[in-house]
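Please read all numbers here as calculations on a predicted model, not as lab measurements. Just so it is clear: chains get the letters A, B, ... in the order the sequence lines come, proteins before strands, and each one is counted from 1.
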Amino acid sequence: MRKPSVPKGTRDFLPGTMRKRNYIFGVIRDVFERYGYQPIETPATEHLDTLTGKYGEEGDRLIFKILSRGDKLRKAIAAGSDSALSEEALRYDLTVPFARFTVQHQNDLTFPFRRYQIQPVWRADRPQKGRYREFYQCDADVVGTGSLRCEAEFVRIFDEVFTALGIPVDIRINNRKLLSAVASSVGAPERMTELVTAMDKLDKLPLERVKDELRQKEFSEEALTALERILASAARGDAASGVPDALAELLGEFPEGKKGLEELQYIFSKTDKPGLATARLRFDLSLARGLNYYTGAIFEVVPRTDAQVGSICGGGRYDDLTGIFGMPDMSGVGISFGADRIYDLLEAVGGFPEKETEGTTVLFVNFGEAEGDYCAERVHALRAEGIKAELYPDAVKMKKQMKYADDLNIAFTVLAGEDEIRRSVLKVKQMKTGVQEEIPEAELGKYIKNI
RNA sequence: GUGGGUGUAGCUCAGUCAGGUUAGAGCGCCAGGUUGUGGCCCUGGAGGCCGUGGGUUCGAGUCCCAUCACUCACCCCA
């Protein structure tokens, strides 16, 4: 028999891992809830045409398509293999399904509608370190308002979540309108996408390499010089809280540039009072974001650590995402947390709090039928007090039961044999220190809670 | 989509270059040393179609071909 295994790019999660994952999901969910977002779920699969064309050429290729089943598959194979694809595909992200959802249920929703959604998504990518074919996204979006207060609020959500998780982050912000102005000012207004994907590489590649790439795409030398001037004026540094004046001057003369600048400055001003707890908001002109539906603000969150995990969140405003599903003029803005990368990051820096990630607190050793009955009652009492407790199911050798407690990292074991039961006491052992004490049976819960 | 790497015990890996008895180690697992005490230590044990198929050879974990799987990097992205 073949060794059991899971498909490429997917993973099983063992209990220890699940506790840590649930901790992350819990922190994010708490913040979403506190900001008034409502939970929804959508199916794993969507109609293929719901997804195609929404993520750009590259994205379309990475959509996980599904084969036909049964008769259709048999017929398709007989006819020619390519048509064996069905009209369904696994969802690629949570934003497009949400757009579909919004249009479909528009009469049942009250706008502006704030929703959050924590579910897996799938990409037919070649997996590599920190990248999987199946992974979770935690999205929050609000549709039905163009108010920039939403953008400012998302900045606060980033701040709250990462403050709670203990990860210092930079929230990078940019605006697609500004990027459009960049394209105009280099004399290639219709080629924003190409320009922007090249600029996005600036934090990895030196300027010259990026210019070479643009030359290959037949951008003129004048365009490159103009671009270089813009980049120089946008250089980060002292302009910690806003857009550099020099850049504002260069791009302000274009209508979309002016608009983009105003939007950015508004968002900066609304995250001022009160200020952010631990996150820093940073303008970054080279931030582009691959998804081509963004139209206004765009976000990306990167940890302020050495760990090479890349961005752990993304987001932005899309003025007309629902338009393609037949519901025009519905502006939305949203963000997405990459739970798997946050996990890897917390693991790397040892950032998981012990208390949030432990299982059973108390194990009762099983000495036999009568003693077991007695312990079962004590277990019941502890559970009623909110303490995680269990009785070992079999009266097997004590060594085995103690080892079980040790393996599962259970903090306390309770020994109650004939003698203890007669005297109404429990022998409690702290596994970490080995200290063992006799406790009156009624005080066990109190004893556990006090340590 | 492009390029590299690796498949040997539950896990991590040696053995492959130079083919030759019964394929090894560490960790883990099981049992015992210890009949009411986990970790540390000691003793013993179980566990392998050497990814799969074919070929070369007297003989293949080792060489050749094919195939599958996993993995890393690029592109792109969370």
Within residues 313-325 of chain A or reaching into it, pairs that qualify as salt bridge (charged side-chain N to carboxylate O under 4.0 Å, His left out) - sequence neighbours excluded: A:E151-A:R317
Ring pair (Phe, Tyr, Trp, His ring centres under 6.0 Å) against A:Y374, all qualifying residues, sequence neighbours excluded: none
Residue pairs, two or more places apart or on separate chains, that pass salt bridge (charged side-chain N to carboxylate O under 4.0 Å, His left out) and touch residues 16-29 of chain A: A:K20-A:E347, A:R21-A:D340
Find every protein N or O atom lying less than 3.5 Å from an N or O atom of nucleotides 43-48 of chain B, and list the pairs.
none

Protein proximity profile, nucleotides 32-39 of chain B - base contact B, sugar-phosphate-only contact S, no contact -, cut-off 4.0 Å on heavy atoms: S---BBBB
What side-chain donor-acceptor pairs closer than 3.5 Å can you find for residues 427-436 of chain A, not counting sequence neighbours?
residue : atom : partner : partner atom : Å
A:Q430  : NE2  : A:Y447  : OH           : 3.3
A:T433  : OG1  : A:V435  : N            : 3.2

By side chain to side chain contact (heavy atoms under 4.5 Å, CB included) - contacts of A:R34 (at least two apart): A:V31, A:E160
Ring pair (Phe, Tyr, Trp, His ring centres under 6.0 Å) partners for A:F364, two or more places apart: none
All salt bridge (Lys or Arg N to Asp or Glu O under 4.0 Å) counterparts of A:E153, not counting sequence neighbours: A:R114
B/S/- contact track for nucleotides 5-11 of chain B, protein heavy atom under 4.0 Å: ---SS-S
Contacts of A:Y392 that satisfy ring pair (Phe, Tyr, Trp, His ring centres under 6.0 Å) - sequence neighbours left out: A:Y404
Salt bridge (charged side-chain N to carboxylate O under 4.0 Å, His left out): pairs with one or both residues in residues 37-50 of chain A, sequence neighbours excluded: A:E46-A:R100
